[in-house]
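Shown next, in structure tokens, is the structure this report addresses.
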Protein chains: 4
Amino acid sequence: MARGRRVNSSGERSKQLLLEKAIELFSAHGYHQTKISDIVKAANLTQPTFYLYFHSKESLFNDLNSEFQKSFYDIFNGGLAQLEGNENVRKKMFAMLKDILSYFVQNPNLTKIGFFESAEAEEMKRELADRLVEIMTVHNIQGSMLEHVDTRIFVESLLGSLERLTLTKLLTEKRTPEMLAEDIINIYFAEQEELVR
Amino acid sequence: MARGRRVNSSGERSKQLLLEKAIELFSAHGYHQTKISDIVKAANLTQPTFYLYFHSKESLFNDLNSEFQKSFYDIFNGGLAQLEGNENVRKKMFAMLKDILSYFVQNPNLTKIGFFESAEAEEMKRELADRLVEIMTVHNIQGSMLEHVDTRIFVESLLGSLERLTLTKLLTEKRTPEMLAEDIINIYFAEQEELVR
Amino acid sequence: MARGRRVNSSGERSKQLLLEKAIELFSAHGYHQTKISDIVKAANLTQPTFYLYFHSKESLFNDLNSEFQKSFYDIFNGGLAQLEGNENVRKKMFAMLKDILSYFVQNPNLTKIGFFESAEAEEMKRELADRLVEIMTVHNIQGSMLEHVDTRIFVESLLGSLERLTLTKLLTEKRTPEMLAEDIINIYFAEQEELVR
Amino acid sequence: MARGRRVNSSGERSKQLLLEKAIELFSAHGYHQTKISDIVKAANLTQPTFYLYFHSKESLFNDLNSEFQKSFYDIFNGGLAQLEGNENVRKKMFAMLKDILSYFVQNPNLTKIGFFESAEAEEMKRELADRLVEIMTVHNIQGSMLEHVDTRIFVESLLGSLERLTLTKLLTEKRTPEMLAEDIINIYFAEQEELVR
DNA sequence: TATGAATGAGGTTTCATTCAT
DNA sequence: TATGAATGAAACCTCATTCAT
């Protein structure tokens, strides 16, 4: 390939392309198995071009992770805000789950990176769990039938379900966010006369 | 500097040591971030010694994974065999979970590798889920309260809970296998007059 | 984004700017640590513009070096011409040194490049020394007190003093050309009844 | 070249070889123009071998520089200690210079690196000059004929002479340490009845 | 059995330079 | 005249693996 600018080339487009390919490859094969050479090959560009738009492989990965986390926190915090107050917990939980899962389907590869691949994902989930436990404790939420289960356990279990169902049912498009949110609600907040006591 | 066989050295001992350190490091930092040099350093041996006992880094990892899978399948299949027949499902499930979790606590690092790190883990879990779904369907198991939840979803959710609780509660020794098995049973098989119909 | 010729731009101005910045940066950080990207950034221009005016990084550096050498040779040769004849050597030497040092202070960065940085500087100094030795020998100049010192050594020593004093006292503006010329004369041509014999 | 250990190879020897070649090349072409590939090629080894013995190109260079500086400081401080007290300054100066120059001839390439190439060289020389000025001031040393020259200037001039004569006469083996030390003494400490006042 | 010594292969990153506009 | 966009070439460095002892 000759040196210099290509016909019809655009920086914005190239950067976008690299970003897309990076997300695809990172999510498909993980950080270590994705080489810069893979990314630029997929984008039909060369390695120096990568460094025109990104500082380093690591920083690109971190940026992607941050992007995910930011969006996720926004949605999660929005949902949590609704949860305060103890009526209609079931409905509110459903709404929050649906929002989260909707974001996931709309950004499947970013989700794989930020929710499953990155080192920071685990910390984020721990925080998540902490917040949920707190809210549930303060507002005295938890299905009556689960009265024998510690709230912390309840929450971690739910998180695990969310993780696995996302991976196997949502991102494989076997189920929609709505369906999955309903499933989870059915499992963790079985319908009852009164959810709180 | 001295070379050759060390006094008091035994091949088996060296191999065992390398195995242990490899398990520790792979489980702690993952495959790619664990270098052969790290393993042998931890074992106080040298790199060529590694190749005396293992064909390659990859094959060692695969061996460890296989070891885990074999044990796991044994336990799982044992449990499944009990499950056939539809009385006392709750108890049998509890027993199976307890067995699995017991194996996990006894082999925490191998579990991290074989259940969480390896590429084959996912496939194994898929199989697991398949078998569980099959059994549950054939024997018509599933709590009445979950009648609105598809069996496949139910099973994947349970698997997710198992994963996450193992990681956050069992391997951190915050909960025993018994406790955790009970928790899961309480969540997924809430006590009822009759579990099956 | 806008491309093409800027309003108010003039080729000469851009070239001059690049030249200035290049001199600054080459003199401050040396050839290898000065990147084209640094130069154009400092000049608020872009890399291709650099190649509009200069053939390459190396050729620019060489040009700068040549510019210095040319000026230097002019001054030096002028001074040498005066030196022919053996009266008033002290005064003539002083004048020559002052002229050289004046040029140095007026072109501090170019001096750093052409007198200290460039590979050719050494060759130039060798020539310089040769010429000085020749003149001094032919005209039988050299302080009586230094009768035990070989002329070549005398000259190289003086050159070394010139180098170091330029670097540490002149270019740091701790001393004027006049002062420094006098200092050197005082060291190398201590006042005597008769300078020559 | 086949992989693995070569016949008759020795780590000590390889390291030494690399060190030698590195010193040669760094001193001949400077830091930036000396590639690791050059060094290992000269040593008939491969690049990874370099990293078996040195942490990085930069650290190797720094090590070499430090080695020079340490030796130099030792010699210099030894010389300075002798200088305290004001009799026989001429002799003591001669001795010190001879020691320094002797070290230089014995380590010509290291000298080029540590005294002429490294960034730290300048700082070292500044310190050197400071110490000399201090000693000369305190002990009231300085040739009578140089009474019109500021001590600082005197010292910097001497240092410049030392630099240049080292480069052009000593390292080219045109003059021995003894001869050069004498030359410098003759220039800067012209014989007199009394050196101090 | 074990190690000292070495390397093939390949990774990330940098930089001077060039093309298309 | 000037720039946005791109790349060839090559630098430093790492790691799994292997040979000679």
Side-chain angles (χ1 to χ4, degrees), chain A residues 1-15 32 35-38 40 45-58, chain B residues 1-15 32 35-38 40 45-58, chain C residues 1-15 32 35-38 40 45-58, chain D residues 1-15 32 35-38 40 45-58:
Chain A
M1 213 167 288
R3 257 207 266 197
R5 181 176 192 155
R6 295 190 191 167
V7 279
N8 237 329
S9 71
S10 140
E12 236 0 274
R13 190 153 14 100
S14 292
K15 180 172 185 181
H32 290 287
K35 324 287 177 210
I36 302 226
S37 62
D38 297 333
V40 297
L45 290 165
T46 62
Q47 303 219 33
T49 302
F50 178 92
Y51 291 92
L52 227 49
Y53 302 110
F54 310 105
H55 184 70
S56 71
K57 178 184 168 181
E58 196 182 355
Chain B
M1 227 158 276
R3 234 170 296 162
R5 181 180 177 147
R6 290 196 190 160
V7 266
N8 241 336
S9 75
S10 120
E12 265 323 301
R13 175 90 197 85
S14 292
K15 181 172 186 181
H32 291 286
K35 300 181 253 170
I36 302 275
S37 62
D38 296 334
V40 297
L45 290 165
T46 61
Q47 307 210 32
T49 304
F50 179 92
Y51 289 91
L52 231 48
Y53 300 110
F54 310 105
H55 182 72
S56 70
K57 178 184 174 182
E58 197 181 354
Chain C
M1 224 159 275
R3 232 171 298 161
R5 180 178 178 150
R6 290 197 192 159
V7 267
N8 241 335
S9 74
S10 119
E12 264 324 300
R13 176 91 197 83
S14 292
K15 181 172 185 180
H32 289 287
K35 300 180 251 170
I36 302 275
S37 63
D38 296 333
V40 298
L45 290 165
T46 61
Q47 306 210 32
T49 303
F50 179 92
Y51 290 91
L52 230 49
Y53 300 110
F54 310 105
H55 182 72
S56 72
K57 179 184 172 181
E58 197 182 354
Chain D
M1 213 167 288
R3 257 206 267 196
R5 181 176 193 155
R6 294 190 190 167
V7 277
N8 237 328
S9 70
S10 139
E12 237 0 273
R13 188 152 16 99
S14 293
K15 181 173 183 178
H32 290 288
K35 323 288 176 208
I36 302 226
S37 62
D38 297 333
V40 297
L45 290 166
T46 60
Q47 303 219 30
T49 303
F50 178 92
Y51 292 93
L52 227 48
Y53 301 111
F54 310 105
H55 185 69
S56 71
K57 177 182 169 182
E58 196 182 355

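Note that this is a predicted model, so its numbers are computed, not measured. Atoms considered below: every heavy atom in the structure, side chains included; atoms not considered: hydrogens, waters and symmetry mates. In what follows, chains are A, B, ... by sequence order, proteins preceding strands, each numbered from 1.
- Rounding to whole angstrom units, OH of residue C/Tyr51 and P of E/dC15 are separated by 13 Å.
- Comparing F/dA6, E/dG11, E/dG8 by their closest approach to the side chain of A/Ser37 singles out E/dG11.
- If you take CD on C/Glu12 and OH on C/Tyr53, they are separated by 7.5 Å, rounding to the nearest 0.5 Å.
- A side chain to side chain contact (heavy atoms under 4.5 Å, CB included) with B/Ser14 is found for one member of B/Leu52, B/Leu45, B/Val40 and no other, namely B/Leu45.
- Across all strands shown, C/Phe54 has no heavy atoms under 4.0 Å from either base or sugar-phosphate atoms.
- Using a 4.0 Å heavy-atom distance criterion, D/Ile36 is classed as a sugar-phosphate-only contact.
- Between the CD atom of C/Glu58 and the C1' atom of E/dA16 there is a distance of 11 Å, rounded to whole Å.
- Atom CZ of D/Arg6 and atom P of E/dT3 are 23 Å apart (whole Å).
- Taking atom CZ of A/Arg5 as the reference point, atom P of E/dC19 lies 14 Å away to the nearest angstrom.
- Residue D/Leu52 places its side chain closer to E/dT7 than to any other of E/dT17, E/dA2, E/dT7.
- Across all strands shown, E/dG11 pairs with F/dC12; the Watson-Crick or G-U wobble distances both stay below 3.5 Å.
- Spacing between atom NZ of A/Lys15 and atom P of F/dA6 amounts to 13 Å, rounded to whole angstrom units.
- Relative to the side chain of D/Pro48, the nucleotides F/dC15, F/dA16, E/dA16 differ in distance, and F/dC15 lies closest.
- If you check F/dT3, E/dT7, E/dT12 against the side chain of A/Lys35, the one that comes closest is E/dT12.
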**Request:** Tell me, with the steps shown, if D/Thr46 and D/Arg3 meet side chain to side chain contact (heavy atoms under 4.5 Å, CB included).
**Result:** CA-CA 11 Å; D/Thr46 60; D/Arg3 257 206 267 196; over 6 Å; no
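- Here the C1' atom of nucleotide E/dT13 and the NE2 atom of A/His55 are 10 Å apart, to the nearest Å.
- Comparing E/dT13, F/dA6, F/dA20 against the side chain of A/Lys57 picks out E/dT13 as the nearest.
- Base pairing of E/dT21 is made with F/dA2, judged by Watson-Crick or G-U wobble geometry with both donor-acceptor distances under 3.5 Å.
- Counting to the nearest Å, the P atom of E/dA6 and the CG atom of D/Asn8 are 11 Å from each other.
- Residue contacts for A/Ser9: at a heavy-atom cut-off of 4.0 Å it reaches the sugar-phosphate backbone alone, with no base atom in range.
- A/Gln47 comes within contact range of at least one nucleobase, with a heavy-atom separation under 4.0 Å.
- Without hydrogens or angle criteria, C/Lys35 side chain to C/His32 main chain gives no donor-acceptor distance under 3.5 Å.
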